[in-house]
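Step one of this worksheet: look at the structure below.
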Number of protein chains: 2
Amino acid sequence: MDSKTIGILGGGQLGRMIVEAASRLNIKTVVLDAPNSPAKQINAGEHVDGSFNNVDDIARLAKKCDVLTVEIEHVDADALELVRKSMNVEIYPLPETIKLIKDKYLQKEHLISHGIKVADLVAVSENSESALAEIGAKFGYPFMLKSRTDAYDGRGNFVVKSPEFHAEALEFLSNRPLYAEKWCRFAKELAVMVVRTIDGEVHAYPTVETVHKDNICHVVYAPARVLDTVRSHAQILANSAVKTFPGCGIFGVEMFLLPDNELLVNEIAPRPHNSGHYTIDACVTSQFEAHVRAVVGLPMPRNVTSFSTTNTAAIMVNVLGDDVPNKELEACSRALETPHASVYLYGKTTRPKRKLGHINIVTSSMADAEERLRYIMEGRAPILSIQEAKEAPLVGVIMGSDSDLKAMSVGADILKKFGVPFELTIVSAHRTPHRMIEYATKAAERGIKVIIAGAGGAAHLPGMVAALTPLPVIGVPIKGSTLDGVDSLHSIVQMPRGIPVATVAINNSTNAALLAVRILGAADPKWLTEMTNYMNSMEEEVLAKVERLETTGYDKY
Amino acid sequence: MDSKTIGILGGGQLGRMIVEAASRLNIKTVVLDAPNSPAKQINAGEHVDGSFNNVDDIARLAKKCDVLTVEIEHVDADALELVRKSMNVEIYPLPETIKLIKDKYLQKEHLISHGIKVADLVAVSENSESALAEIGAKFGYPFMLKSRTDAYDGRGNFVVKSPEFHAEALEFLSNRPLYAEKWCRFAKELAVMVVRTIDGEVHAYPTVETVHKDNICHVVYAPARVLDTVRSHAQILANSAVKTFPGCGIFGVEMFLLPDNELLVNEIAPRPHNSGHYTIDACVTSQFEAHVRAVVGLPMPRNVTSFSTTNTAAIMVNVLGDDVPNKELEACSRALETPHASVYLYGKTTRPKRKLGHINIVTSSMADAEERLRYIMEGRAPILSIQEAKEAPLVGVIMGSDSDLKAMSVGADILKKFGVPFELTIVSAHRTPHRMIEYATKAAERGIKVIIAGAGGAAHLPGMVAALTPLPVIGVPIKGSTLDGVDSLHSIVQMPRGIPVATVAINNSTNAALLAVRILGAADPKWLTEMTNYMNSMEEEVLAKVERLETTGYDKY
């Protein structure tokens, strides 16, 4: 696609997935790392055997390439700077960005200077117990002692629970430049991938929730299971943070969500990130292709970073080496048995806790994705239960009293006939007002798409429920002993401006059910096909009667 | 994932995409073809340089592998059979299947013997004008003269328009074994990919429509733009055809759709197929991964072959070498600018009409996908027009007369406020009955999700429209000069069992519009969020009035 050749410092799984994305676009890649590293395995072109911390090796790589990029920030940034100055090669992310980011203390100072909120922190002036005691006095206990450099997957962090742990902490992190962070009681960890083009445009991917296990990113939920306002806020924050780094490429922004919904940036990676692997299957363009496009300057339309569909729910889980070699492949096998799951293995030999691959699950509801995850990780419940389990109800049928059941059950039969998953219960506006409020306010988040409410007499139920939910509510006026149901018809249909109730004919729960099926057709055209078939068979039925009437004669009919 | 190594006969783009799918699962592949062929470029492992028609080369490949497969059927099937007998290697598709399929005449005789319908055909006993004259007498003109072997992308076909063309046809196809086919006046060409497991289970991918240009498959529409019953029929037919071939792997089944909706099998490819490239982005599992899983015996759940989402609309277009070298990359560039399009280039040097890559477009409506295709292929209309163009209407607002406009425009304003794409027009049940039928029957296929119909007096419009469409119809009773609108309310709401109209209060088009927004929420939760915000702001408005009333006092309010 583009005549530029990309050199990649680092040949692990991130490099491998960059190579794959580049190959699809027929963009050449050259990898600098040990022989037969994962990225080299999937590219028969030239590679450089060596270290991404050796200036000569980097220079050898640069000679073969037009652009250099990294899959890891722990590279020799000074060497990169030298190479950029002496050779005709672009480097993204910029060496100065890498230098800033790989020292976590400098990274955070940089963010603070640009008005980005991070946890309170302080540099450790000297690695001594007295210095730690000073920090303990300032931040209280526990506090976090962290290595400024070469720390990833939790290696380089120590929780200082009390003064008694000072010595152990210093020993654990001996001879490393350190900083300390105030303990952050976060509610969740969120992350956002951001791609930055050379023109400085930033595009945020969806906000995800990361769950760590033994300090290693383990499961990623996309989108994060938080309020949508929090998700937007996280994307805005991530964009602002990435805007502070000139150059281009993909960045992973990790954040803490505090209990009051405030967000702090935890740290930033100037490269593809484990929390963005879900993008391969869930987004219009993967983080890897976005990175390739950014560093070679290919077009990057605004919504490359969005989910492929409006209803995407994705889970990424890492395949970590088991203590029993290759036992981790059992989960991969189950993933292959699981529809909507994809398996990625990186060509690495197994070793306990090593990141050997990942599994993406992409469906349209998080509950469904979680059920698949449980099967894959724990083998719980055969996959059949996912495919054939009773589906969550799409229609809620409620009525004010069991005396309405006779009229309402006819509609329920219609739903059953169409195969629409539904629930049916009694909710009375006047006798169980609290239950009604509970039912109406929770219905949407339970996955209900339409509510059918039947009521007689004063018939407040449909209108009250409509006032408490954003879902469409269908009202069925039930005929009482007086007034022929006109009382409930008017009570249901004559709602004030602002709160609609879709009213059907008196006692006609059949039509309420058919209307519900038509409404579901907005989400899934199969219901429209079903409805068309139903209407055709109605037509045929009547036409059969026509024939019978005409052949029998009206007097004998 | 699996310790088996797959040997691939042929290193073109199909082999390349098999290699990619295998690499993701960390399954080793060895390719037999010329050095640096597309498939070899993306795999640093061992390969075999040689020909897939040379038995020694095939044996060298087999030595390195556990399973052999093909990316092309024009391989030496006898050599494969020999290798299978003498060496410890599985071969899928089975050599006998390849042998049967690569001779198109034998292939079709085989299908006929299994009750699968194909176009009328006859073997050409000898390549002479008199033999052709006999066929012309039997089939009439034009008829198709085809090479039994080594024919692909139309090379090997000749249309015999009249007896005058006999000599030219024989010259064009000289020295090849031939057969003739009765001319088939098809309406469309369809295709279905089918994966067969070693247990004989078959799983059909969606039915697609292929459009050829100069005999080369050019554009693929998935799903095919035909009745859904035709699509199902095509899948069943494809499954039946593939069931007749023992062994396992992926098969491409090409079909003719006749004007009477009958289907004939045109031909079968025992390998991944150009018409299945859309599966990479549009389906749960790509045709390439399905093939890999089949030949090494990995799990294959039932819905691996379905679309990833219920509303998928995909278009695949081949990137063919332009007469001006590399000019074809301009379309690729535009594809990169186009959200929901992905570019795949195969690492081949450019040459006129050569298949150099393909572009997949995956969205939720075919009209949208087609607009993106037009931009990519012709540069027509900047992409902005796709992103920001007025979207296709989701709601149709109709009324019986312009005198209803005053009441109905209030609802239109609400739709505008919510940003719902809608259309508004006059459709009268009594004065323009034909227009009403046209409007109602076409609305669903135009992408309309909800119809709002306002009517006064006898008010037949909402009910009649509901009787003619499977979509939800919202009825707004319009108050006339007498009876206060109760006439139209009863006329709209009291529909007979079978045809529902969602009736709102008299003259209350506001509630009709709000109900439409709630209904759209079934398809896209963003509308529910919008609705919740609207309801909250209504609540705040009233609460502000509460405060004003309480502080001002009711007498001064």
Side-chain angles (χ1 to χ4, degrees), chain A residues 1 23-26 40-44 228 284 298-299 301 303-304 309-310 329 332-333 336-340 343-345 347 364 383 444 449-450 470-472 474 489 493-495 497-498 500 502-505 508 510-512 514-515 518-524 528-529 531-532 535 538, chain B residues 1 23-26 40-44 228 284 298-299 301 303-304 309-310 329 332-333 336-340 343-345 347 364 383 444 449-450 470-472 474 489 493-495 497-498 500 502-505 508 510-512 514-515 518-524 528-529 531-532 535 538:
Chain A
M1 186 65 222
S23 292
R24 285 186 162 189
L25 294 169
N26 198 28
K40 293 184 179 181
Q41 293 169 21
I42 65 157
N43 192 339
D228 53 2
V284 169
L298 286 173
N303 12 12
V304 283
T309 63
T310 42
L329 292 181
C332 297
S333 242
L336 290 175
E337 288 166 14
T338 307
H340 293 275
V343 177
Y344 299 81
L345 292 170
S364 55
I383 191 63
K449 302 282 184 198
V450 190
L471 295 175
I474 302 172
L489 169 61
V493 77
Q494 286 295 107
M495 287 290 291
R497 245 171 265 285
T503 311
V504 295
N508 202 331
T510 298
N511 277 3
L514 292 171
L515 182 57
R518 289 180 183 223
I519 289 172
L520 293 177
D524 187 343
L528 294 186
T529 307
M531 182 53 65
T532 306
M535 293 167 77
M538 254 192 326
Chain B
M1 187 66 223
S23 292
R24 285 186 162 188
L25 295 168
N26 199 28
K40 292 184 179 181
Q41 294 169 20
I42 65 158
N43 192 340
D228 53 1
V284 170
L298 286 173
N303 12 12
V304 284
T309 63
T310 42
L329 292 181
C332 297
S333 241
L336 290 175
E337 289 167 14
T338 307
H340 293 276
V343 177
Y344 299 82
L345 292 170
S364 55
I383 191 61
K449 302 282 184 197
V450 190
L471 295 174
I474 302 171
L489 170 60
V493 77
Q494 285 295 106
M495 286 292 290
R497 247 172 265 284
T503 310
V504 295
N508 202 331
T510 299
N511 277 4
L514 293 171
L515 182 57
R518 289 180 183 224
I519 288 172
L520 293 177
D524 187 344
L528 294 185
T529 308
M531 182 53 64
T532 305
M535 292 167 79
M538 250 189 334

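Per chain, numbering begins at 1; letters A, B, ... match sequence-line order. Just so it is clear, the structure is predicted and the values come from calculations on it, not from any experiment.
Summarising the geometry, atom CD belonging to B:Gln41 is positioned 6.5 Å from atom CG belonging to A:Asn26; distances are rounded to the nearest 0.5 Å. Here the CG-CG distance, from B:Leu298 to A:Leu336, works out to 5.5 Å after rounding to the nearest 0.5 Å. Separating the NE2 atom in A:His340 from the CG atom in B:Asn303 is a distance of 6.0 Å, to the nearest 0.5 Å. Note: A:Leu489 CG to B:Gln494 CD = 6.5 Å, rounded to the nearest 0.5 Å.
Considering all non-hydrogen atoms of both residues, A:Leu25 and B:Leu345 come closest at O-CD1, 3.7 Å. The two atoms that bring B:Pro299 and A:Glu337 nearest to each other are CB-CG, 3.5 Å, heavy atoms only. A:Ala522 and B:Ala523 get closest at one heavy-atom pair: O-CB, 3.1 Å. Closest approach of A:Ala44 and B:Lys40 over heavy atoms only: CB-O, 3.0 Å.
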Open item on the list: Please determine whether side-chain contact (heavy atoms from CB on, under 4.5 Å) holds for the pair A:Ile42 and B:Ile42, giving the CA-CA distance in whole Å, both sets of side-chain angles, and the decisive distance to 0.1 Å.
Closed with: CA-CA 5 Å; A:Ile42 65 157; B:Ile42 65 158; 5.8 Å; no
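Per-residue counts of heavy-atom pairs under 4.5 Å with chain A were compared for B:Gly521, B:Gly498, B:Gly347; the largest is that of B:Gly498. Counting heavy-atom pairs closer than 4.5 Å to chain A, the top residue among B:Ala444, B:Pro470, B:Ala502 is B:Pro470. Contacts with chain B were tallied for A:Met531, A:Arg497, A:Arg24; A:Arg24 has the most, counting heavy-atom pairs under 4.5 Å. For chain A, the option among B:Leu520, B:Leu471, B:Thr529, B:Val284 with the highest count of heavy-atom pairs below 4.5 Å is B:Leu471.
Between the side chain of B:Asn508 and the backbone N or O of A:Met495, at least one donor-acceptor pair lies under 3.5 Å.
Within the 4.5 angstrom heavy-atom criterion, no atom of B:Ile474 approaches chain A. The parts of A:Leu515 that come within reach of chain B are both its backbone and its side chain, each placing non-hydrogen atoms under 4.5 angstrom from that chain. Both the backbone and the side chain of A:Val504 come within contact range of chain B, judged by heavy atoms closer than 4.5 Å.
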